[in-house]
Amino acid sequence: MVIKGKTYAQLMALLCLTSIACSLNAQHVVHATRNDKYVAPKSKVVQDKLEWFRDQKLCLMMHFGLYSILGITESWPLVTADSFWARADVEWTKDDADFKKQYYALNRCFNPIRFDAKGIAGLAKRCGFRYVTFTTKHHDGFCLYDSKFTDYKTTAPDCPYSTNPNADMVKSLFEACRAQGLGVGAYFSKPDFHHTDFWENFGIGTATSRYPTYDIRKQPEKWARFCEFTKNQILELVSGYGPIDIMWLDGGWLKKEKGHDMGIGEMIDAARAVQPDLISVNRGSKDEYMNIGTPEQSVPGEPLDYPWESCITIGGGWGYHFDETYKSSRELVHLLVDVVAKGGNLALNVGPMPDGRLPRPAVERMEALGAWLSKNGKAIYSTRTVTPCSYKQWRFTRERSGREYAIRLWREHEQGFLCTAIPYIEGRNRVVKRIVHMASGADMEIKTIYDRPGSPEAIAKGVLITFPAGFRQDEYADAFAIEYE
Ligand code: FHN
């Protein structure tokens with residue numbers, strides 16, 4: 001099929017189309033797969049809540065804490081064994097004990113007075129985020145809420161922020177999120193480097209690893225005290241901070257099978273006695289308490305047929321870094337679409353600055369995501385996977401009603417196309433009746449492409465979409481609703 005006398009861009013489009021038609025036999029499609037590592041929760045209430053989770057698609061994850069003050073790696077610099085990478089930004093001292101004392105003392109200058117919980121919740125809502133996961137306590141043990149079981153917290157008198165009305169940051173943020181109709185996730189670290197029943201003397205004077213500083217088999221009562229402390233903190237969160245949707249327990253290296261049994265299952269059962277529909281993440285486990293998969297800084301190569309979210313940083317680090325390099329808005333839109341087409345959620349992590357504000361480059365990218373979702377969100381929210389879920393620069397999603405969407409990811413140079421094509425690929429050989437551009441609502445001019453057209457063996461190999469005059473191609477991606485005969 002030849003289009004005569006067209007511009008370069010149009011010929012480029014034709015080349016693109018031809019390349020699709022020619023390579024259809026390659027069938028580089030991705031099919032859903034069953035991953036047998038997943039154990040579904042026994043509770044029907046939790047199973048139902050996981051359908052809510054699967055509908056949300058986009059989470060704002062935030063790592064905030066003492067490490068944010070200095071713009072260094074979160075908690076990990078306290079681990080001597082990991083200092084070779086974790087202390088890359090710690091150039092002022094090489095003394096292990098000195099550094100640990102300095103890090104722990106940061107609670108005395110933690111004062112993020114520009115942390116605006118309502119502003120952050122409103123921004124998240126406007127930008128299309130549906131739930132927010134916040135660090136209630138990271139591995140360093142510093143609590144961003146008024147824990148009754150430690151004085152190492154934002155509300156303790158030795159922390160300047162304690163006089164602020166928002167000192168209980170978890171309370172302020174969760175309330176602000178619920179007021180915006182957003183879900184809330186409590187990130188909570190199972191290991192606690194500041195607890196002396198985990199690291200004796202806070203690890204000062206010891207070459208610490210990520211594990212307890214003692215043999216728990218020889219001091220079982222010490223380990224039991226630490227586990228009781230952990231349980232008390234989890235229970236105070238589910239009892240005193242309103243409805244929590246996800247309890248995100250991090251620190252997956254503490255495993256029952258490796259001898260560090262904390263009794264997390266019993267803790268989650270106790271938490272569900274308070275909040276029965278609580279979704280739990282027990283990282284490092286593959287049991288009924290790991291209700292969602294949590295691939296980190298990565299997207300599975302294939303769709304997963306159980307609930308999952310990829311937690312990925314908007315820049316390089318989980319906490320704020322002064323010299324951060326941020327992913328582009330194009331990368332983030334493509335990342336979200338790819339994750340959703342594979343049946344997951346994107347937990348996009350942003351580290352607030354020392355004063356509590358979100359970094360401007362992060363806000364700009366959040367707003368770009370929101371602008372795209374405002375026009376194309378129907379192809380994202382509440383969708384499920386369709387097989388195949390992708391083909392080259394195409395991603396496919398499906399509403400539970402069955403309505404299908406094709407989302408064309410545009411590379412930087414792919415602007416000004418006058419047409420594109422949705423390939424017919426294995427399992428999708430139904431006759432397309434209508435294709436509607438989501439952003440404009442415009443019906444596209446469509447033409448089925450055949451191999452050996454006109455011959456008895458003619459096979460539909462794709463649908464050519466010709467963009468109408470005045471069509472405005474999105475900078476990052478365009479979603480199309482597909483209606484079949
Ligand atoms: O050790 C943590 C790390 O600091 C960060 O919180 C990530 C976020 O998913 N989780 C652990 C590493 O897997």
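Residue numbers start at 1 and run along the sequence shown. These figures come from a predicted structure and were not determined experimentally. Counting starts at 1 for both ligands and their atoms, following the listed order.
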Quiz item: Around atom NZ of K171, are there more than 12 heavy atoms of other residues, nucleotides or ligands at under 6.0 Å?
Solution: no
Quiz item: Any idea which atoms of ligand 1 are less than 4.0 Å away from a heavy-atom of Y187?
Solution: 6 (O)
Self-check item: Any N/O pair H138/ligand 1 closer than 3.5 Å
Solution: yes
Quiz item: Does W248 come within less than 4.0 Å of ligand 1, judged by its heavy atoms?
Solution: yes
Quiz prompt | Nitrogen or oxygen atoms of W318 and ligand 1 under 3.5 Å apart | solution = no
Quiz item: Are side-chain N/O atoms of N349 and H63 paired as donor and acceptor at under 3.5 Å?
Solution: yes
Quiz item: Of the listed options (Q297, H63, M61), which comes nearest to atom 5 (C) of ligand 1 when hydrogens are ignored and any heavy atom counts?
Solution: H63
Exercise. Check ligand 1 against D250 and write out every atom of the ligand that is under 4.0 Å from a heavy-atom position of the residue.
Key: 2 (C), 5 (C), 6 (O), 7 (C), 8 (C), 10 (N), 11 (C)
Exercise. Check the side chains of D287 and S285 for a donor-acceptor pair under 3.5 angstrom, ignoring hydrogens and angles.
Key: yes
Quiz item: In terms of side-chain heavy atoms, does T155 have a donor or acceptor partner in S162 at a distance below 3.5 Å?
Solution: no
Quiz item: At a 4.0 Å threshold, what atoms of ligand 1 neighbour a non-hydrogen atom of E74?
Solution: 3 (C), 4 (O), 5 (C)
Quiz prompt | Nearest-0.5 Å distance, CD1 of residue I246 to SG of residue C59 | solution = 6.5 Å
